[in-house]
There are 2 protein chains.
Amino acid sequence: MNIGEAAKGSGVSAKMIRYYEETGLIPPVARTEAGYRIYSDPDVHMLRFIRRARDLGFSVDGIRELLGLWRDHDRQSADVKRLALTHVADLRLKIRELEDMASTLETLAACCHGNDRPDCPILSELEAPTSLPTKTGKFRKQNGF
Amino acid sequence: MNIGEAAKGSGVSAKMIRYYEETGLIPPVARTEAGYRIYSDPDVHMLRFIRRARDLGFSVDGIRELLGLWRDHDRQSADVKRLALTHVADLRLKIRELEDMASTLETLAACCHGNDRPDCPILSELEAPTSLPTKTGKFRKQNGF
DNA sequence: GATAAGGGTTCCCACTGTTGGAAGGTCAAG
DNA sequence: CTTGACCTTCCAACAGTGGGAACCCTTATC
């Protein structure tokens, strides 16, 4: 099976398959004499695993670890669980940050008349932060996730 | 005031101030004879506005619009409000996606013994998605936000 | 056998936003 | 006059993904 079919079968674009191979997330596959990559069913299986993990928000590095555990038949499920729960904690943290942003903005928007006059509490707040409640205290995000 | 002081006073790093200038988010400022950028209090004020908007999760493009409204004394607060609420909707969408990921993973983790045995429902699910409930249906994220 | 369509291959660029560093000029204090 | 802390520009990198160019391969059709 060539890369296009593998892409269709796995839901991972051909571009990304090449990228994953280049960056070592997946091992290089065999090639035809002409240089075409050849994929087997297990390869596609692995690609689907990767896609599913991305769907769950794992970073490529996280997936690297997951793949390691997946391939390791002597793994301990505790390791997988820890990896998953760490990721859940990251997600929840990110959610809280976004939630804070959204609720702050919503509060401000609720105070804004939203008419044809120029005065607007949203701009006022951006201009001169009045330390509105931000449950987490720390506000600044540092990685896009 | 030079860029370092402006950075300290605004909370925007010198690097980012230069970047914002280069990309046209903020207009170029005056320079000393030696080429040092000179910032005034209003400049720092604007930088603080920008930083605050970034803290609320606005993209640079969003900030561009906000700045335009901020500077426009004939603006209509309705435009600001619309901008803000659109952003809130984006945030809430993203939150829902992350929430789905987190709850799916949490459900799976709860089913995982987390012991020294290798069998693990998390890996099983990644391997062969059993279409767990994902309230939104569409799952794949397409922009990092 | 020639040709065209629709693959594949590599490589480079763009995006978002931010950081890091190198090479070199400048300013203020000692 | 030197030293250290600034400033300047330029270049690279990060994570992931998409777009596209230039070129090769395969297959079907004429």
Side-chain angles (χ1 to χ4, degrees), chain A residues 1-26 28-39 43 47 50-65 87 90-91 94 97-98 101 139-145, chain B residues 1-26 28-39 43 47 50-66 87 90-91 94 97 101 139-145:
Chain A
M1 164 177 12
N2 62 24
I3 201 171
E5 295 170 283
K8 246 173 242 147
S10 65
V12 181
S13 72
K15 281 261 183 200
M16 290 313 297
I17 296 176
R18 292 193 199 97
Y19 171 74
Y20 290 151
E21 180 184 313
E22 185 195 316
T23 56
L25 180 63
I26 58 180
V29 292
R31 306 274 190 131
T32 65
E33 300 214 341
Y36 282 28
R37 290 176 180 79
I38 310 171
Y39 295 88
D43 290 332
L47 287 169
I50 291 172
R51 193 182 104 76
R52 181 71 181 142
R54 297 268 327 123
D55 284 347
L56 288 174
F58 281 95
S59 68
V60 172
D61 266 358
I63 297 176
R64 214 179 296 271
E65 297 190 64
H87 181 49
D90 288 348
L91 288 168
K94 186 72 178 177
E97 288 174 6
L98 298 182
M101 295 176 187
F139 216 41
R140 204 82 188 78
K141 69 160 179 289
Q142 57 216 25
N143 47 35
F145 230 63
Chain B
M1 167 177 6
N2 64 22
I3 202 172
E5 294 170 283
K8 246 171 244 150
S10 66
V12 181
S13 72
K15 282 266 187 200
M16 290 313 297
I17 296 176
R18 291 193 200 98
Y19 171 75
Y20 290 151
E21 179 184 312
E22 185 194 317
T23 56
L25 180 63
I26 58 180
V29 292
R31 305 275 190 132
T32 66
E33 298 214 342
Y36 283 27
R37 290 175 180 81
I38 310 172
Y39 294 88
D43 289 332
L47 287 170
I50 291 172
R51 193 182 105 75
R52 180 72 180 144
R54 296 267 328 119
D55 284 348
L56 288 174
F58 282 96
S59 69
V60 172
D61 266 359
I63 297 176
R64 215 177 295 271
E65 296 191 66
L66 281 174
H87 181 47
D90 289 348
L91 288 168
K94 187 71 178 178
E97 288 174 7
M101 295 176 186
F139 216 40
R140 203 82 187 81
K141 69 160 180 293
Q142 56 216 24
N143 49 36
F145 230 66

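Remember, it's a predicted structure, so these values are computed and weren't measured experimentally.
- Between the CD1 atom of Ile17(B) and the P atom of dT18(C) there is a distance of 12 Å, rounded to whole Å.
- Considering only side-chain atoms of Tyr19(A), the nucleotide from dT26(C), dG18(D), dA15(D) that sits closest is dA15(D).
- The CD1 atom of Ile26(B) sits 14 Å away from the C1' atom of dG17(C) (whole-angstrom rounding).
- Rounded to an integer number of Å, the gap from Ile38(A) CD1 to dT26(D) P is 11 Å.
- Per the geometry, CD belonging to Glu22(A) stands 15 Å off C1' belonging to dG18(D), to the nearest Å.
- One atom, CD of Glu21(A), and another, P of dC11(C), lie 12 Å apart when rounded to the nearest Å.
- Spacing between atom CD1 of Ile63(B) and atom C1' of dG17(C) amounts to 10 Å, rounded to whole angstrom units.
- The CZ-C1' distance, from Arg51(A) to dG16(D), rounds to 15 Å in whole Å.
- In this structure, Arg51(A) pairs ionically with Asp55(A), as a charged nitrogen and a carboxylate oxygen lie closer than 4.0 Å.
- One can place CZ of Arg18(A) at 9 Å from C1' of dT10(C), the figure rounded to the nearest angstrom.
- One N or O on the side chain of Asn2(B) and one on the backbone of Glu5(B) form a donor-acceptor pair closer than 3.5 Å.
- Every salt bridge (Lys or Arg N to Asp or Glu O under 4.0 Å) that Glu21(A) has, sequence neighbours left out, goes to Arg31(A), Arg37(A).
- Closest-nucleotide positions on DNA chain C for Asp61(B) and Thr32(B) were compared, and the one nearer the 5' end corresponds to Asp61(B).
- Both Glu33(B) and Lys15(B) sit near DNA chain C, but only Lys15(B) has its closest nucleotide nearer the 5' end.
- For the OP1/OP2 pair of dT17(D) and a distance below 4.0 Å, the side-chain nitrogens and oxygens of Arg54(A) include at least one atom meeting the criterion.
- Distances were taken from every side-chain heavy atom of Ala34(B) (C-beta onward) to each of dT10(C), dT26(C), dT17(D); the shortest belongs to dT26(C).
- For Tyr36(B) and dG25(C), the shortest distance from a side-chain N or O to OP1 or OP2 is not below 4.0 Å.
- As judged by a 4.0 angstrom heavy-atom cut-off over every strand, Arg37(A) is placed among residues touching the sugar-phosphate backbone only.
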Audit row: Ile26(A), Ile17(A), side chain to side chain contact (heavy atoms under 4.5 Å, CB included) steps and yes/no:
CA-CA 8 Å; Ile26(A) 58 180; Ile17(A) 296 176; 4.2 Å; yes
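- For dT9(D), one of the phosphate oxygens OP1 or OP2 lies less than 4.0 angstrom from a side-chain nitrogen or oxygen of Arg31(B).
- Using a 4.0 Å cut-off, no side-chain N or O of Asn2(A) falls inside it from OP1 or OP2 of dG7(C).
- Side-chain atoms of Glu65(A) do not come within 3.5 Å of backbone N or O of Gly62(A) as any donor-acceptor pair.
- Not one side-chain nitrogen or oxygen of Ser13(A) sits closer than 4.0 Å to the OP1 or OP2 atom of dT17(D).
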